[in-house]
Amino acid sequence: MDYKAIAQETAQEILRYNQDTSGWKVVKTSKKITVSSKASKKFHGNLYRVEGIIPESTSKLSEFLYKPENRVTWDKSLKVYNMVHRIDSDTFICHTITQSFAMGSISPRDFIDLVHLKHCEGNMDVISSNSVDFPAYPPSSKYIRGYNHACGYVCSPLQENPAHSKLVMFIQTEMRGKLSPSVIEATVPSNLISFILNAKNGIKAHRIPSGHGFHQNGHSSFLKKK
């Protein structure tokens, strides 16, 4: 499997979603975070778009979201987030196990995702992920194996205040199992808002020293649905 080619195509797909302004319906707003959705072209479910402002520079925000080390300390939707295979300095495969949610009515899922960081013009970063087959981590009987169709974050400097960032997140997760679509649609928007709030709190708690990590002069020197 050509993981690098898949990673690059997924990043381009996220950029296309980011430029697509038609057909989005706002489904929830809270604490200056907006969740919109439209029917996914990948499966019988929704593609969600989440927008919020993070009081941190784009370089530090993208590093924070991309690095797996501290993910479970701030992302309360996850039990496990482990890098299981490094492909290159900007691309890796991770194994994720989610918490149960919706009062326990949605049991934990696990995912194998290909995660990739792409630097773009204008100090914009795209962190994309897409579920892939990875023989070293086959599905187990302990968890339902979910599938993330092209998902990702677009981090860019806020025009009126470049020290802050605009974060746009795209999620289209196929939960699988025997879940009613109505249960998923009633639960996901609130979870996505919680994710942005948790990220804001997490980056505040884990301030990354200036000049440390992969993001220096727009190049990688550092070796992320759920």
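Index from 1, following the sequence. Given the structure is predicted, the values throughout are model-derived calculations rather than measurements.
S180 places a side-chain N or O within 3.5 Å of a backbone atom of S182 that can act as its donor or acceptor partner. Side chain of S40 to main chain of G45: no donor-acceptor pair is present (N/O by atom type, distance under 3.5 Å, no hydrogens or angles). Of the possible polar contacts, one joining the Y147 side chain to the S131 backbone as a donor-acceptor pair under 3.5 Å is found. With hydrogens and angles disregarded, a donor-acceptor distance shorter than 3.5 Å links the side chain of Q172 to the backbone of A150. Side chain of K60 to backbone of I203: no donor-acceptor contact under 3.5 angstrom is found. Y143 contributes no side-chain N or O that, together with a main-chain N or O of T98, makes up a donor-acceptor pair within less than 3.5 Å. R176 places no side-chain N or O within donor-acceptor distance of the main-chain N or O of R109, the cut-off being under 3.5 Å.
Connection of Y66 to V72 is established within a shared hydrophobic cluster, with ILVMFWY side chains joined at heavy-atom distances below 4.5 Å, either directly or through further cluster members. Hydrophobic clustering of Ile, Leu, Val, Met, Phe, Trp and Tyr side chains at less than 4.5 Å, counting indirect connections, unites L117 with V115.
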Candidate pair I53 and K32, rule side chain to side chain contact (heavy atoms under 4.5 Å, CB included), full reasoning: CA-CA 8 Å; I53 305 301; K32 299 182 179 179; over 6 Å; no
Derivation and outcome, side chain to side chain contact (heavy atoms under 4.5 Å, CB included), residues N82 and I97: CA-CA 9 Å; N82 287 334; I97 302 173; over 6 Å; no
Chi angles and distances behind the side chain to side chain contact (heavy atoms under 4.5 Å, CB included) call for L47, W24: CA-CA 9 Å; L47 167 62; W24 295 101; 3.6 Å; yes
Verdict with supporting geometry, N148 and T96, side chain to side chain contact (heavy atoms under 4.5 Å, CB included): CA-CA 11 Å; N148 283 315; T96 305; over 6 Å; no
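The two residues D125 and C120 have their closest heavy-atom pair at OD1-N, 4.5 Å. The shortest non-hydrogen separation linking S156 to M124 is CB-CG, 4.0 Å. Listed here is the closest heavy atom pair of V126 and A11: CG1-O, 4.2 Å. In terms of heavy atoms, N123 sits closest to P157 at O-CD, 3.6 Å.
Here the two rings, on F195 and W74, have centers that are under 6.0 Å apart.
Looking at heavy atoms from C-beta onward, D90 lies out of side-chain contact with K118 at the 4.5 angstrom threshold.
The CD1 atom of I112 sits 11.5 Å away from atom NE2 of H85, with the distance rounded to the nearest 0.5 Å. Separating the NE2 atom in H116 from the CD1 atom in I6 is a distance of 12.0 Å, to the nearest 0.5 Å. Between the SG atom in C151 and the CE atom in M169 there is a gap of 9.0 Å [rounded to 0.5 Å]. Between atom OH of residue Y153 and atom CG of residue L65 there is a gap of 5.5 Å, rounded to the nearest 0.5 Å. Taking CG of L192 as the start and OG of S30 as the end, the distance is 12.0 Å to the nearest 0.5 Å.
Residue K76 qualifies as open at atom NZ: its count of foreign heavy atoms under 6.0 Å is 12 or below. When the shell of 6.0 Å around CG of N161 is examined, it contains more than 12 heavy atoms from other residues, nucleotides or ligands.
With respect to the salt-bridge test (charged N to carboxylate O, under 4.0 angstrom), the residues R49 and D20 do not qualify.
Judged as a side-chain hydrogen bond (donor to acceptor under 3.5 Å, both in side chains), the pairs with a partner in residues 5-16 (not counting sequence neighbours) are, in order, E9-R16, E13-Y17, E13-K42.
Ring-plane geometry between H149 and F43 is classed as parallel, the angle between the planes falling under 30 degrees on a 0 to 90 degree scale with a further cut at 60.
Side-chain N/O atoms of T58 and S165 include a donor and acceptor closer than 3.5 Å. Donor-acceptor pairing under 3.5 Å is lacking for the side chains of R71 and T73. Looking at S129 and D113, their side chains never bring a donor and an acceptor atom within 3.5 Å of each other. Side chains of T91 and D88: a donor-acceptor N/O pair is present below 3.5 angstrom, by distance only.
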